[in-house]
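Numbers here simply count residues along the sequence, with the first being 1.
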Amino acid sequence: MAKTKPNNKKSKKREKSVLNRVAASPSKSSSPPVSPEALLAQATATLQQGDISGSAQIAKKALGLSDVESTEALPALNLLGEIHVELGEIDAAREYFMRAAAIDDDGTTGEELGGGAEKFLWLAQLSEEGGEDSVGWFEKGAGSLRIQIQALLDRKKLDAESEVALEEKRRKLAVALCGVVEVYMTDLSWEEDAEQKCEALVTEATMVAPGFAEPWQTLANVRISQSRLEDARAALKRSLDLWKDLPPENPEVPDFPARVSLARLLMEADMDVEAIEVLERLVGEDDSSVEVWYLGGWGLYIMGEKQKNGEAKAENEDGESWRISWISSRQWLNHSLRLFQQQDYEDERLGDHAKELLSLLNAELGGEAVAGEEGDDGDEWEDDEGSDEEMAEA
């Protein structure tokens, strides 16, 4: 039988296909591998854009490319901790920060390498046990910051960048010290030397960062607990004066939760006008906070009560200032209860107190439906808006 001629056409096609695949691979392998640093920068940008889950995936890839037992892993661990805080996954966040703390146990690794105090301060806030455990983490963070601050002060001359870094570290130290004070005023208030420790800590905080509002606010809290209201008012005034005329985006302005706490302290110190001013500003920044609307209603109720009893100076001499304050109070409380229902707010005591205040107001001003008893169309709130001018006067 004659030999058949090989099918060279098919053979050549296969060879060409193989050659193409081989030729394509060098360009693919020649592209540089993605570094952990590049991935972390991408994860940070993704987080800032609001894609928290996407950011977590990228940060985990960065961690996978790092030596998880060395300082190389610190930036990824810290970022993953913060991402999981944003996700509300506190156990996972705590685990990442604990891993970072195990690598940089004393916080002496440079912040540019992912070291420093930040992880300790997070662990203090995320502590399951609270009390002594929180204090321990706060003190670790404070110790790290003191070392960093002293290292900067030991330099003969600081450039502008170092001056900014020094100020930021002083602020963080003040926050850590104030955090310990808060623990001693709550979880550890039963300890015999709790008051003495609070005095020492808050004094250091005000000395470390006198231009920062939080230490003065914490000092006011301590003074209120000691029934030293005049000293508390002086501290609150100093705290307010540091930021009250600044725009909301200014970094000197305390964050939203800190100012909510400030409003409560102002009310406790009988600084009702200042409390309402803080709360009005907060509503202007975020009008969805149940607590802020409730506090505004409560504060206006107290103000009206004092005006009616002659305990507070009335702006109007016709004797009707208390009525204006109470009309505004009713508006704030009604709106608070509406948000309470919309958000399924969990603080039942707050809701009950708001309803109690509304009942007192309605008895004095004339009947009005309490939020939750009115129709779904919200007509009552729209009608109340006609009294905005009265609210502003109050």
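- A salt bridge is absent between K355 and E348; no separation between the charged side-chain nitrogens and carboxylate oxygens falls under 4.0 Å.
- Minimum heavy-atom separation, S189 to A194: O-CB, 4.1 Å.
- With contacts defined as side-chain heavy-atom distances shorter than 4.5 Å, the pair V290/D347 does not qualify.
- The nearest pair of heavy atoms linking L350 to S336 is CD2-OG, 4.3 Å.
- Judged purely by distance below 3.5 Å, without hydrogens or angles, the side chains of E199 and Q226 pair a donor atom with an acceptor atom.
- A salt bridge does not link E192 with K197: none of the charged nitrogens is closer than 4.0 Å to a carboxylate oxygen.
- In this view, E72 satisfies the salt bridge (Lys or Arg N to Asp or Glu O under 4.0 Å) rule with no residue, not counting sequence neighbours.
- When hydrophobic clusters are built by joining Ile, Leu, Val, Met, Phe, Trp and Tyr residues whose side-chain heavy atoms come closer than 4.5 Å, directly or via intermediates, L279 is grouped together with W243.
- Checking S289, P248, S261 one by one against F256, the side-chain contact (heavy atoms from CB on, under 4.5 Å) holds for a single residue, S289.
- The minimum heavy-atom distance linking W322 with G304 is given by the pair CB-O, 3.2 Å.
- In this structure, the side chain of S127 does not engage the main chain of L123 through any donor-acceptor pair within 3.5 Å.
- A side-chain donor-acceptor contact under 3.5 Å links T186 to the backbone of E182.
- Side-chain contact between E195 and Y184: absent, with no pair of heavy atoms (C-beta onward) separated by less than 4.5 Å.
- With rounding to the nearest 0.5 Å, the separation of CD1 in I58 from OG1 in T44 is 9.5 Å.
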**Q.** Derivation of the side-chain contact (heavy atoms from CB on, under 4.5 Å) call for Y294 and H353
**A.** CA-CA 9 Å; Y294 156 75; H353 188 221; 2.6 Å; yes
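- Smallest separation of non-hydrogen atoms from R281 and L246: NH2-O, 2.6 Å.
- At distances below 3.5 Å, not a single donor-acceptor pair connects side-chain atoms of D193 with backbone N or O atoms of Q196.
- Under the 4.5 Å side-chain criterion, counting only non-hydrogen atoms from C-beta, L173 is not in contact with Q148.
- Panel note: side chain S239, backbone A213; a donor-acceptor pair is recorded below 3.5 Å.
- Within 6.0 Å of CD on E346 lie no more than 12 heavy atoms contributed by other residues, nucleotides or ligands.
- Remark: side-chain polar atoms of T46 are not paired, donor with acceptor, to backbone N or O of G54 under 3.5 angstrom.
- Contact check on D106 versus K140 returns no salt bridge, with no Lys/Arg side-chain nitrogen under 4.0 Å from an Asp/Glu carboxylate oxygen.
- Side-chain N or O atoms of D187 include none that pairs as donor or acceptor with a backbone N or O of V183 at under 3.5 Å.
- Closest approach of P210 and L242 over heavy atoms only: O-CD1, 4.0 Å.
- With sequence neighbours excluded, the residues satisfying ring pair (Phe, Tyr, Trp, His ring centres under 6.0 Å) with F97 are W122.
- Using modelled atom types, one side-chain atom of S328 and one backbone atom of I324 make a donor-acceptor pair closer than 3.5 Å.
- Residue L47 holds its CG atom at 12.0 Å from CG of L40, rounded to the nearest 0.5 Å.
- R264 and E291 are joined by a salt bridge, as a carboxylate oxygen and a charged side-chain nitrogen come within less than 4.0 angstrom of each other.
- Rounded to the nearest 0.5 angstrom, E118 CD and S144 OG are separated by 10.0 Å.
- Ring geometry for F120 versus W137: interplanar angle under 30°, hence parallel rather than tilted (30 to 60°).
- Taking all atoms of both residues into account, the shortest heavy-atom contact from I224 to A232 is CG1-CB, 3.6 Å.
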Q: Determine, stepwise, if the pair R259 / E285 fulfils salt bridge (charged side-chain N to carboxylate O under 4.0 Å, His left out).
A: CA-CA 12 Å; R259 283 179 286 157; E285 294 175 24; 2.8 Å; yes
Q. Under the side-chain contact (heavy atoms from CB on, under 4.5 Å) criterion, do L337 and L358 qualify, and how do the steps go?
A. CA-CA 10 Å; L337 286 174; L358 273 172; 3.4 Å; yes
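- Other residues, nucleotides and ligands place no more than 12 heavy atoms under 6.0 Å from the CE atom of M98.
- Using the six-membered ring where Trp is involved, W326 and Y301 have ring planes that are parallel, under 30° apart on the 30 and 60° scheme.
- We find that E111 and K169 are joined by a salt bridge, their nearest charged nitrogen and carboxylate oxygen being less than 4.0 Å apart.
- Using modelled atom types, no side-chain atom of T218 and backbone atom of C178 make a donor-acceptor pair closer than 3.5 Å.
- Atom-to-atom distance recorded for M303:CE and M267:CE is 9.5 Å, nearest 0.5 angstrom.
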Q: Tell me, with the steps shown, if L74 and L113 meet side-chain contact (heavy atoms from CB on, under 4.5 Å).
A: CA-CA 7 Å; L74 286 174; L113 300 175; 5.7 Å; no
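- Within the 4.5 Å cutoff, side-chain heavy atoms of L240 are placed close to those of V278.
- Inter-residue side-chain proximity for I103 and T109 is flagged as unmet; no heavy-atom pair is nearer than 4.5 Å.
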Solution key, residues 83-92 side-chain donor-acceptor pairs under 3.5 Å, sequence neighbours excluded:
{"residue": "H84", "atom": "ND1", "partner": "L80", "partner atom": "O", "Å": "2.8"}
{"residue": "H84", "atom": "NE2", "partner": "E89", "partner atom": "OE1", "Å": "3.4"}
{"residue": "D91", "atom": "OD1", "partner": "R94", "partner atom": "NH1", "Å": "2.9"}

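- Using modelled atom types, one side-chain atom of Q217 and one backbone atom of A258 make a donor-acceptor pair closer than 3.5 Å.
- A salt bridge does not link E305 to K308: none of the charged side-chain nitrogens sits closer than 4.0 Å to a carboxylate oxygen.
- Put simply, the side chain of L339 reaches to within 4.5 Å of the side chain of W293, judged on heavy atoms.
- Looking at E364 and R330, no side-chain N of the basic residue comes within less than 4.0 Å of a carboxylate O on the acidic one, giving no salt bridge.
- Of the charged side-chain nitrogens involved, none lies within less than 4.0 Å of a carboxylate oxygen, so that K244 and E274 do not count as a salt-bridged pair.
- Residues Q331 and N334 are not in side-chain contact: their nearest non-hydrogen atoms beyond the backbone lie 4.5 Å or more apart.
- The main-chain N or O of E129 is never found under 3.5 Å from a side-chain atom of D133 such that the two would form a donor-acceptor pair.
- Within 6.0 Å of the CD atom in Q342, the count of heavy atoms belonging to other residues, nucleotides or ligands exceeds 12.
- Here the straight-line distance linking atom OG of S325 with atom CD1 of I276 works out to 8.5 Å at 0.5 Å rounding.
- Counting only heavy atoms from C-beta outward, the side chains of E163 and D159 never approach each other to under 4.5 Å.
- Remark: the N78 side chain and the E82 side chain contain no N/O donor-acceptor pair separated by less than 3.5 Å.
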(Q) I'd like to know whether W332 forms a side-chain contact (heavy atoms from CB on, under 4.5 Å) with L295, so could you lay out the CA-CA distance, the side-chain angles of the two residues, the decisive distance to 0.1 Å, and finally the verdict. (A) CA-CA 8 Å; W332 282 68; L295 288 174; over 6 Å; no
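- Around CD of E69, the count of heavy atoms belonging to other residues, nucleotides or ligands within 6.0 Å does not exceed 12.
- Salt bridge absent: E268 and R223 never bring a charged side-chain N and a carboxylate O closer than 4.0 Å.
- For the pair D241 and K237, the salt-bridge criterion is met [side-chain N within less than 4.0 Å of a carboxylate O].
- Taken to the nearest 0.5 Å, the CZ atom of R233 stands 12.5 Å off from the CG atom of L265.
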